[in-house]
Amino acid sequence: MAMITYKFKISAKQTQKDKIIETISLCRWLYNTALEQRILLYREKKQSLSFYTQKKELPLLKKEFPIFKTVHSQVLQNVLERLDKAYKGFFGRIRKEQKAGFPRFKGTNRFHSFTYPQSGFELKGNVLKLSKIGDVRIRRHRKIAGKIKTCTIIHKNGNFFVCFACETTKVAVPALPKKSVGVDLGVQHLAITSDGEIFENPKHLRKNERKLKRLQRSVSKKKKGSNRRKKAVRLLAKLHEHIANKRRDTSHKVSRKLVNEYDLIVFENLNVQGMVKNHHLAKSITDSAWRNLIDLTLYKAENAGKRVVLVNPYNTSQMCSECGTIVKKTLKERVHSCSCGYIEDRDINAAKNILQLGLSTIKTVI
Ligand SMILES: [Zn+2]
């Protein structure tokens, strides 16, 4: 028996979307509260709580906070099970003397889903019946093989998805993507791929960015509330919009090309710490351009049934994509030259590392 997960986009009414978002936030609250309960009990009485003990408390919780009655009971149980798994994983890692990482409280950016572990959902054609939510449509771009075991509803980056975990007797169904690519995001070029393709920034962008800086200075010099300042602010807003439009056009073209050509596209994850801490203007501009490119690619890939993976960019520019040696280089050094004999453009080498990382993380989500 093998487990495969199928992921589909959901279209739902606004009221249903609101309900999904509310359910996720209730589940997150439950997760954090149950974690807190475990921590406190251990701290004060050196006792540990089991999944079953916590599960038994759910009826009481619903009595005191009736809003939890609006969530399917197995969904709530599953939250406690998730916490239990996090605990077991933690102790398992301690036993194996690995880096442990205690189960953490989940912020909104770390909690995107809830799961119906057995019942409460039913799939009929393209309609998915969800208990306490209603009937939603799914964009079924693939046939589902095997028996659906669990149903997970996800809300991420403004999109709604469902994942079905299926048990199947077919072996090794999820074939590796046929064509995959790693993408290194840059300042000189917008992006460069592991196949060596270069995507340039929109033309005249640099000129416009210089102009932008000049305008920003001129706004800050003018007296607040003055007509001259208002005029300068208008000009500045117009230029901002012009640059953003050009950026968008380019991102649309590049993302379309990537999605058409590849089954798997790997980007660096811009949310990883260190990338976002820079407050320079130029950095924030390129940052938003990269984000835009990734978002558009995600969106188009989703609709085309292709996959996008984001990886931690740590060391991707320093490591040799051929042999794994760390070859230290400053930002100015544009060529990667390794003692193993491999010589490559710095960004292409990075893109190749990004691709490798992406390939190593994909599991059986199709
Ligand atoms: Zn090497």
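Every number for a ligand or one of its atoms is a count from 1 in the order of the listing. Note that these values count all heavy atoms, side chains included, but never hydrogens, waters or copies made by symmetry.
Around the Zn ion (ligand 1), protein N, O or S atoms at a distance under 2.8 Å total 4; waters are neither shown nor counted.
A donor-acceptor contact closer than 3.5 angstrom links the side chains of Asp18 and Gln14.
The side chain to side chain contact (heavy atoms under 4.5 Å, CB included) check on Lys306 picks up Val259, Asp263, Ala301, Ala304, with sequence neighbours excluded.
His240 NE2 to Leu235 CG: the interatomic distance, rounded to the nearest 0.5 Å, is 12.0 Å.
Judged by the 6.0 Å distance and 45° axis criteria, Lys179 is positioned over the aromatic ring of Tyr262.
Screening Phe51, Tyr31, Phe102 for a ring pair (Phe, Tyr, Trp, His ring centres under 6.0 Å) involving Tyr87 leaves a single residue, Phe102.
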- Stepwise side chain to side chain donor-acceptor pair (under 3.5 Å) check, Arg256 with Asn260: CA-CA 6 Å; Arg256 171 52 54 209; Asn260 282 350; 3.3 Å; yes
